[in-house]
Asks: 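I'd like to ask you about the structure that follows.
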Amino acid sequence: SAMRASLLLLLAAGAEALSVGAPRAPLRHLTRTAATAVRSPAPVLSDVDFDLVIVGCGVGGHGAALHAVSKGLKVAVCAGEDVGGTCVNRGCVPSKALLAASGRVREMRDTKHLAELGIQAGEVSYDRAKVAAHANNLANKVKGNLEGSLTALGVTVFPNKGELVSPTSVKLVGSDKTVSAKNVILATGSVPFVPPGVKVDGKTVFTSDEALKLEWVPDWVAIIGSGYIGLEFSDVYTALGSEVTFIEAMPKMMPGFDKQIAQLADRLLIRPRAIDSYTNVFASEVIPGEPGVKPCVVKMIDAKTKEPAATIEVDAVMVCTGRVPFSEGLGLEALGVGMNRGFVQVDEKMRALDAEGKPIEGLWCIGDLNGKMMLAHAASAQGISAVENMCGNEHVLNHDAVPAACFTHPEVAMVGPTEEVARERAEKEGYEIGVSTGNFKANSKALAEGAGDGIAKVIFRKDTHKLIAVHIIGLHAADLIQECANAIEHGVTLDELAMTTHTHPTLCEVLDEAFKAGLGRAAH
């Protein structure tokens, strides 16, 4: 039946604050067309060196290269001495190592939680240098694995950066060599954005690039921005003994999150910890200090009136104000590539557009450089989609089915729009949405772990029961979200999900409860 087929497909796919004033008291995807197991015969090259040249070798460029090889293409990558890109070297991968180590310190210092499990523990300490080495060693290992997978499949890896000479020819920077291709994918990623007035010295005022080195653990650190990166580092720093002050330009903390999830995250991730916050303010000036000698000075102004709001002195400042596309040296302007705030403009097939919005033959752009969805796995999915399209297999990536996660303790994960955005869409398109929840406090596995805090929130269309979005905060939320992403991608309805058997006792039963609740059924 159609329902059975959808469920089988789902199972197969699943195999992957406040106003200005005094601070509050402390209280980073599957395509419809899968790669074939047997490679197609490589096409006959005429006057070009490669079928595909990829400029950039982060997760997006790597994913595109692997898929292109599976399609029988002859591929080269301009790695720019940065195999793995931001994610592997300065982002997702090393940050998970720091979160894993600091998270264990937090768990072992939580004597109340341990006592509830019948455990007594002595004093817990950590070696900062060894924690930092764990993150660095992991990054190097994954980087080596990525490069090894490319060379093993016959991909030519140039260490040089690439500069466009034409839409389908790339100069290897630092040499006199230019390579030509039938298609070129731009995948150069992004770099941290530093606002005007903030002086970065890399030691006391720094971005995530420097923070991941964990060269020291400040007693008091201000974090500018309360998005994914800021939240994760607040988790690391507070676990290792730091006090944290958030400085947020928006009226409320975690502005990009679903409102209900943000409120719960505030209760679980902010209030119980040595964290305070200023909201609705800009850090107008940040002056570096000297570790252990002189504090950093942070001057704040009201986000609306631009009047002085507050000044604080802290040991360190971490700048988490977003990222900007990295297009330096690509030669985009000379070729008339369409740009918007530094992002390369693309169509839904990932084809780069010119200034008039027309596709540029043979030129593609994926990942942070196009700004559609600044996540490593989204970049990879876009790369796979671009390869499918250049091979003549029409494919459009559904970005609403690409999940995201924040690896705090507990984790936050989501796929699809927030409830606020979903309601706006529904009103515009003329349908109603429903919202249902499952609770970790009613889940046997969560209770066995002593981790009953959190919910899974499901958003769906009332008329068709089509799944629109899911937001989770709770134990292992980042792993639980994939089932929901698969369901959205493959059009599985709430009715089908509610009739799917979930293993007992497991955390995924939180989702089972939410799916059934959307249909007015009880799961317990």
Side-chain angles (χ1 to χ4, degrees), residues 17 23-24 26-28 87 90-110 112-113 124 126 128 131-132 134-135 138 192 206-248 253-257 261-277 314-321 404-414 440 449-451 453-454 471-481:
R24 189 169 57 196
L27 290 185
R28 148 126 249 300
C87 175
R90 301 171 299 281
C92 342
V93 171
S95 67
K96 300 301 104 54
L98 294 184
L99 284 159
S102 62
R104 280 166 174 75
V105 173
R106 185 188 299 282
E107 289 174 5
M108 290 186 286
R109 286 179 173 174
D110 189 347
K112 182 177 182 294
H113 181 221
V124 177
Y126 67 90
R128 180 206 56 79
V131 173
H134 170 55
L138 176 63
F206 47 80
T207 68
S208 56
D209 284 1
E210 294 83 22
L212 285 163
K213 299 175 185 176
L214 200 70
E215 293 180 342
W216 65 307
V217 178
D219 290 335
W220 184 10
V221 56
I223 299 179
I224 305 175
S226 61
Y228 292 75
I229 299 173
L231 277 178
E232 289 188 349
F233 272 93
S234 76
D235 200 282
V236 170
Y237 281 126
T238 55
L240 298 182
S242 302
E243 295 182 7
V244 169
T245 294
F246 273 112
I247 299 171
E248 173 55 57
M253 292 277 287
M254 298 167 277
F257 286 45
I261 296 297
Q263 290 172 341
L264 190 50
D266 183 75
R267 182 170 70 81
L268 297 178
L269 301 174
I270 305 296
R271 292 182 181 274
R273 300 176 180 178
I275 299 175
D276 60 17
S277 62
V314 295
D315 297 302
V317 179
M318 183 175 178
V319 184
C320 302
T321 48
C406 183
F407 293 85
T408 45
H409 295 83
E411 295 172 344
V412 184
M414 66 289 294
F440 281 78
E449 299 278 354
D453 290 322
H471 300 265
I472 308 172
I473 179 170
L475 186 65
H476 296 307
D479 299 306
L480 294 175
I481 200 66

Asks: Counting C-beta onward and ignoring hydrogens, is there a side-chain heavy-atom pair between Pro192 and Val319 closer than 4.5 Å?
Replies: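 When only atoms from C-beta onward are counted, Val319 and Pro192 do not touch, as no gap falls below 4.5 Å.
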Asks: Show, in sequence, the C-alpha distance, side-chain angles and deciding distance for Phe257 and Leu231, and conclude whether the side chain to side chain contact (heavy atoms under 4.5 Å, CB included) test is met.
Replies: CA-CA 12 Å; Phe257 286 45; Leu231 277 178; 3.7 Å; yes
Asks: Applying ring-ring contact (aromatic ring centres under 6.0 Å, His included), name anything that partners Tyr237, two or more places apart in sequence or on another chain.
Replies: none
Asks: Kindly compute the distance separating OG1 (Thr321) from CD (Glu248), expressed to the nearest 0.5 Å.
Replies: 10.5 Å
Asks: Rounded at 0.5 Å granularity, tell me how far CG in Leu264 sits from CG in Asp453.
Replies: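 With rounding to 0.5 Å, CG (Leu264) is 7.5 Å from CG (Asp453).
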Asks: Looking only at non-hydrogen atoms, find the nearest pair between Leu268 and Gly454 and report the distance.
Replies: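 Closest approach of Leu268 to Gly454, heavy atoms only: CD1-N, 4.5 Å.
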Asks: Run the salt bridge (charged side-chain N to carboxylate O under 4.0 Å, His left out) test against Glu107 and tell me which residues pass, sequence neighbours left out.
Replies: none
Asks: What heavy-atom pair brings Met318 and Phe233 nearest, and what distance separates the two atoms?
Replies: CE-CD1, 3.2 Å
Asks: Just by distance, do the side chain of Glu232 and the backbone of Phe407 share a donor-acceptor pair under 3.5 Å?
Replies: yes
Asks: Looking at every heavy atom in both Glu411 and Ala478, which two are closest together, and how far apart are they?
Replies: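 Between these two residues, the closest heavy atoms are OE1-N, 2.9 Å.
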Asks: Is a donor on one side and an acceptor on the other found under 3.5 Å between the side chain of Tyr126 and the backbone of Leu240?
Replies: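 The answer is yes, because a donor-acceptor pair under 3.5 Å joins these two groups.
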Asks: Measure the spacing between NZ of Lys213 and CZ of Arg90 and express it to the nearest 0.5 Å.
Replies: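 The CZ atom of Arg90 is 10.0 Å from NZ of Lys213, to the nearest 0.5 Å.
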Asks: Rounded at 0.5 Å granularity, tell me how far OG1 in Thr408 sits from CG in Leu269.
Replies: 4.5 Å
Asks: Run the side chain to side chain contact (heavy atoms under 4.5 Å, CB included) check on Val317 and Ile247 step by step: do they pass?
Replies: CA-CA 10 Å; Val317 179; Ile247 299 171; over 6 Å; no
Asks: Which atom names give the shortest non-hydrogen contact between Ser234 and Phe246, and what distance separates them?
Replies: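 Distance-wise, the nearest heavy atoms are CB-CZ, 3.5 Å.
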Asks: Has the side chain of His113 got a donor or acceptor atom that lies under 3.5 Å from a matching backbone atom of Glu449?
Replies: yes
Asks: Looking at every non-hydrogen atom in both residues, tell me the closest pair between Val244 and Ile223 and how far apart they are.
Replies: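 Answer, listing the atom of Val244 first, then Ile223: CG1-CD1, 3.8 Å.
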Asks: Taking side chain to side chain donor-acceptor pair (under 3.5 Å) as the test, write out the residues that go with Thr238, two or more places apart.
Replies: Arg106
Asks: If you count heavy atoms of other groups shown closer than 6.0 angstrom to CZ of Arg128, is the number above 12?
Replies: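 For Arg128, atom CZ is crowded (more than 12 foreign heavy atoms under 6.0 Å).
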Asks: What distance do Leu138 atom CG and Ser95 atom OG have between them, rounded to the nearest 0.5 Å?
Replies: 9.5 Å
Asks: For the atom pair CD1 (Ile275) and CG (Asp235), what is the distance rounded to the nearest 0.5 Å?
Replies: 8.0 Å
Asks: Ignoring hydrogens and geometry, is there a side-chain-to-backbone donor-acceptor pair from Ser226 to Met254 under 3.5 Å?
Replies: yes
Asks: Any side-chain heavy atom of Ile270 within less than 4.5 Å of one from Met253?
Replies: yes
Asks: Please find the pair of heavy atoms, one from Val221 and one from Ser242, that lie closest to each other, and give the distance.
Replies: CG1-CB, 4.4 Å
Asks: Would the distance check show the side chain of Arg104 and the main-chain N or O of Ala100 forming a donor-acceptor pair, the cut-off being under 3.5 Å?
Replies: yes
